[in-house]
Every structure is written in structure tokens, then in C-alpha cells.
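Step one of this worksheet: look at the structure below.
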Amino acid sequence: MAVPQSKIKAVPSTKTKSSFRWVVLTIIFGAYFVCYADRTNIGVVLPFIQKEFTLNNFQAGAIASFFFLGYAITQIPAGFALGKKGSRGIGALAILAFSLVTFLLGTVKSATSLVLLRLGLGIAEGPAPVTMTSTINQWFPAKEKATATGVYIASTQLAPIVVPIIASWIAVTQGWRSVFYWFAIPGIIMAVIWYAFVRTKPEDSPNVSEAEARYIRESQAIQVNSGKEKSFGWLDKFIRYQKVAPLTTFKSVFASWNIWGNTLTYFLMNSVIYGILTWVPSYLVNAKGYSFMKMGFVASMPAVGGLLGAILGGFLSDKVFEKRRKPTMLITATAAAVMMFVIINIPDNGALVALCLGLAGFFLNIGWPAFTAYPMGLTTRDTYPVAIATVNSGGNLGGFFSPMIVGAILDTTNNYNLAFGYFGFLLILGFLIILSLKEPIQHEYKTSQTSAP
């Protein structure tokens with residue numbers, strides 16, 4: 001049956017199709033940019049913190065790591081809460097909470113307090129990515145989801161471009177504590193904007209026309225082979241492109257190897273990404289002898305490449321590979337592994353170091369939108385929040401373990417090449433797991449087949 005009027009009664013009755021979903025995506029981009037800035041500024045101030053509190057590399061890594069433990073703890077509960085309460089209030093509360101904790105990080109008097117507040121920051125931020133990806137899943141048709149996810153992921157790369165430069169300047173001129181004070185302010189503003197303009201579903205928004213609501217809902221994706229899908233020949237066989245029954249219950253989500261395999265691979269990718277975000281600043285200062293200000297510029301290069309990679313990756317997944325997610329995931333695993341071994345053997349040349357770090361970030365992030373969009377093709381709108389919460393929860397444990405593991409490697413060997421070799425090994429392992437996943441055939445509902453939830 002057609003979309004019921006009861007589901008779109010808040011939508012202005014107009015024949016003109018609005019484009020408010022792109023405004024919502026802009027707000028998602030801004031909110032997660034702030035979220036990511038608040039979590040990644042720790043990498044810039046770690047050398048200052050190590051000096052003030054006399055910490056070894058493992059202890060410094062723990063300060064970065066405990067964020068991800070808290071982050072993982074709240075993912076799955078947030079997924080269930082979203083199904084009941086919606087994304088409007090939960091999103092605004094999460095943004096406000098992590099901004100307040102960010103401010104408190106500047107007041108600490110001991111390393112123990114830093115660890116506990118980083119844990120608290122993770123708990124506060126945990127609902128944010130589930131909220132934002134679930135909002136994308138609600139607000140965008142299947143053919144735009146990976147593109148929208150790519151824009152969302154791009155915010156995570158813009159933040160590390162800006163953060164090292166700004167945070168380094170604040171830390172040098174005003175002290176490292178001021179970094180947290182200043183970074184807390186944008187989040188408070190974004191919490192207000194989120195609550196004012198973002199609704200759980202497009203049908204609930206007074207800014208969405210009936211035409212836009214119908215456009216979004218008439219092309220929600222499920223896995224049905226209509227026989228009209230474009231064939232990619234050998235590539236479809238390689239990625240195991242096939243019909244997969246939708247995961248319509250929470251039990252089926254938790255029983256799916258495709259979900260758990262994606263989670264495990266995401267764990268490995270996050271181990272590399274957050275390991276690099278945490279330790280590249282120290283690598284540049286300690287191994288390459290860069291000043292703090294020079295470090296701030298060069299340390300942003302993985303994010304510069306990552307920004308381009310995330311946007312391109314979402315486009316490739318949606319438009320070139322026609323909603324196939326595994327191709328860009330496989331590109332990330334192989335190309336990024338190669339770049340880890342290139343970095344190990346790179347000459348001590350500033351321009352080459354910056355270029356290689358940029359390329360590493362580029363390849364690491366081509367597949368990142370696909371890891372988030374992949375569960376969208378396996379689930380329904382009702383089960384997706386729990387599925388993506390599972391992926392995020394397990395995946396972000398990589399951010400918990402990796403900084404400490406790399407810190408232990410550095411304490412034992414003082415050899416950053418071993419750390420990059422460790423990252424390369426994780427990426428190769430991820431490639432093998434990705435091969436075991438099925439690529440679900442996605443077909444689009446017709447309007448008569450579905451209604452807005």
C-alpha cells in the first residue's frame with residue numbers, strides 16, 4: 001500500500017520536492033566533526049601530558065585507549081534506545097554530554113583522573129555514531145546511503161586536519177589544558193542545533209515536503225533479486241554477490257556471520273586508524289625530530305588523504321559498484337597494508353613523509369563508508385540501529401587496544417617501524433575476513449510495497 005497519510009501528517013502538503021535531507025546531513029557532518037575533534041585532540045597534547053605527569057608510552061596510550069572502552073560500552077544500549085526514543089533527544093543529549101566532559105578534561109590533577117574522564121568521554125560519545133548513522137538510514141534512499149555515509153565519514157577526517165594545527169597552537173601559547181576548554185564550546189552549540197532541526201524520521205519534520213518523504217521511502221533497500229541488477233562478472237563471484245535474507249529480528253542480527261565478520265574487520269581497521277591518530281604526532285616529534293608546530297601540520301596529512309578517500313569511497317560504492325560495499329572495503333585493506341610497508345622504508349624526507357602519510361590516510365578511508373553502509377543492506381530500518389551498534393561497539397574496541405599495544409611495542413623496542421608493521425599485519429588479516437562475507441543483492445521497494453515506519 002502507499003505511504004499512509006498518518007505517517008506523513010507533519011509533512012507540508014506540497015507538490016514541490018524539498019531537499020531538507022541534505023540540510024540534515026550537513027548538521028550530521030558538523031556534529032560528528034565536533035565529536036571527532038573532542039576525541040582526537042588527545043594525540044596532540046599527549047607529549048605535554050607525558051612530560052607533566054612523567055608517563056611511559058604504555059601509560060600514555062592508556063589515556064587515549066580508555067575512551068574507546070567507554071565508547072564500546074554504550075553502543076548497543078544506544079541502539080536499543082534509539083528504537084524506542086528516536087534520534088532527536090538522544091543525539092542532542094550525547095553531543096551536550098561529551099562537550100561537558102571535554103571541558104572537565106582540562107581540570108584534571110592526575111593521570112588517573114585523565115583516564116577516568118577519557119572513559120567518561122567515550123561513554124558520552126557512544127550514542128553519537130549510532131544516532132547519526134541511523135538518521136542517515138532513515139533520511140536517505142538506498143541509492144544515496146553510501147554517498148551520505150561518505151560525507152558523514154568525511155567529518156572524521158576533516159577534524160584531524162584541523163585539530164593538530166589548532167590544538168598545537170593553543171597548547172603552545174595557552175597550555176594544553178586550554179585545548180579542552182576551547183574545544184568544549186562548539187559541541188554545546190551543535191547540541192542546540194541538532195535538537196532544533198533534526199527529527200528521527202523525515203515524516204516528522206515540518207521542513208520536509210510530502211514529495212521528498214515519498215522519494216525517500218519508495219526506494220528503501222532490501223535484498224531481493226529482481227533479475228535486473230547489473231552484472232560485474234568475475235568481481236561479483238569474487239565478492240560473493242548473492243541474495244541474502246534480510247535480518248528482521250535482533251536474534252538474526254546477533255546470529256549473522258556477515259554482521260560479526262564486518263565487526264571484526266572494523267575492529268582491525270579501527271586498530272590501525274586510531275593507532276595512527278594516537279601515535280603519529282609522537283612519531284613525528286620523537287622519531288623524526290619535528291618541532292611541535294611542524295608536527296601539527298604534518299600530522300594532519302593522514303586526515304587530508306582520509307577526507308578525500310571517504311568522499312570518493314562513498315561515491316564509488318554507490319555509483320560505480322552500484323551499492324556493492326565489499327570492493328572498496330577490499331581496496332582499503334590491500335592498499336593501506338602496502339602503504340604501511342612503504343612508510344617503514346621511506347627516506348627521511350619531510351615532503352615524502354607527508355605524502356606517504358596522506359596516501360595511507362586516503363586508502364584507509366576509501367572503504368570506511370562501506371563498513372558502515374554494509375549492514376544497511378542486510379537489515380531493516382528497525383534492526384539496523386542494533387546492527388550498526390554491534391559493528392561500532394566491537395569495531396571501536398580496536399581503538400581501545402591499539403594505542404596501548406603500540407605503546408608497549410615502543411616501550412620495549414623504541415622502534416616505530418615495528419608499529420607500522422603491526423598495522424600492516426592487521427590490514428592483511430582484515431582482507432582475509434572481508435573475503436568470507438557475502439555481498440547482499442539490493443533491490444528497491446516500490447511505493448506499493450512499503451510504508452514509512
Asn414 atom CG, over 12 foreign heavy atoms within 6.0 Å: no
Electrostatic pair Glu52:Arg177 at N-O distance under 4.0 angstrom: yes
Contacts of Arg199 that satisfy salt bridge (Lys or Arg N to Asp or Glu O under 4.0 Å) - sequence neighbours left out: none
Tyr195 atom OH: more than 12 heavy-atom contacts under 6.0 Å: no
Parallel, tilted or perpendicular, as decided by the 30° and 60° cut-offs, for the rings of Phe250 and Phe80: perpendicular
Test of ring centre spacing under 6.0 Å for Tyr274 and Phe68: yes
Below 3.5 Å, can you tabulate the donor-acceptor pairs from side chains in residues 398-405 to any protein atom, sequence neighbours excluded?
{"unit_1": "Ser402", "atom_1": "OG", "unit_2": "Ser271", "atom_2": "O", "d": "2.6"}

Geometric cation-pi criterion, Arg325 with Phe371: 6.0 Å, 45°: no
Under 3.5 Å side-chain donor-acceptor pair for Ser110 and Ser113: yes
Asn258 vs Tyr374 side-chain heavy atoms within contact, under 4.5 Å: yes
Which atom of Met376 lies closest to which atom of Thr133, heavy atoms considered: CE-O, 4.0 Å
Centroid-centroid under 6.0 Å between Phe140 and Trp22 rings: yes
Donor-acceptor side-chain pairing of Tyr215 and Glu144 below 3.5 angstrom: yes
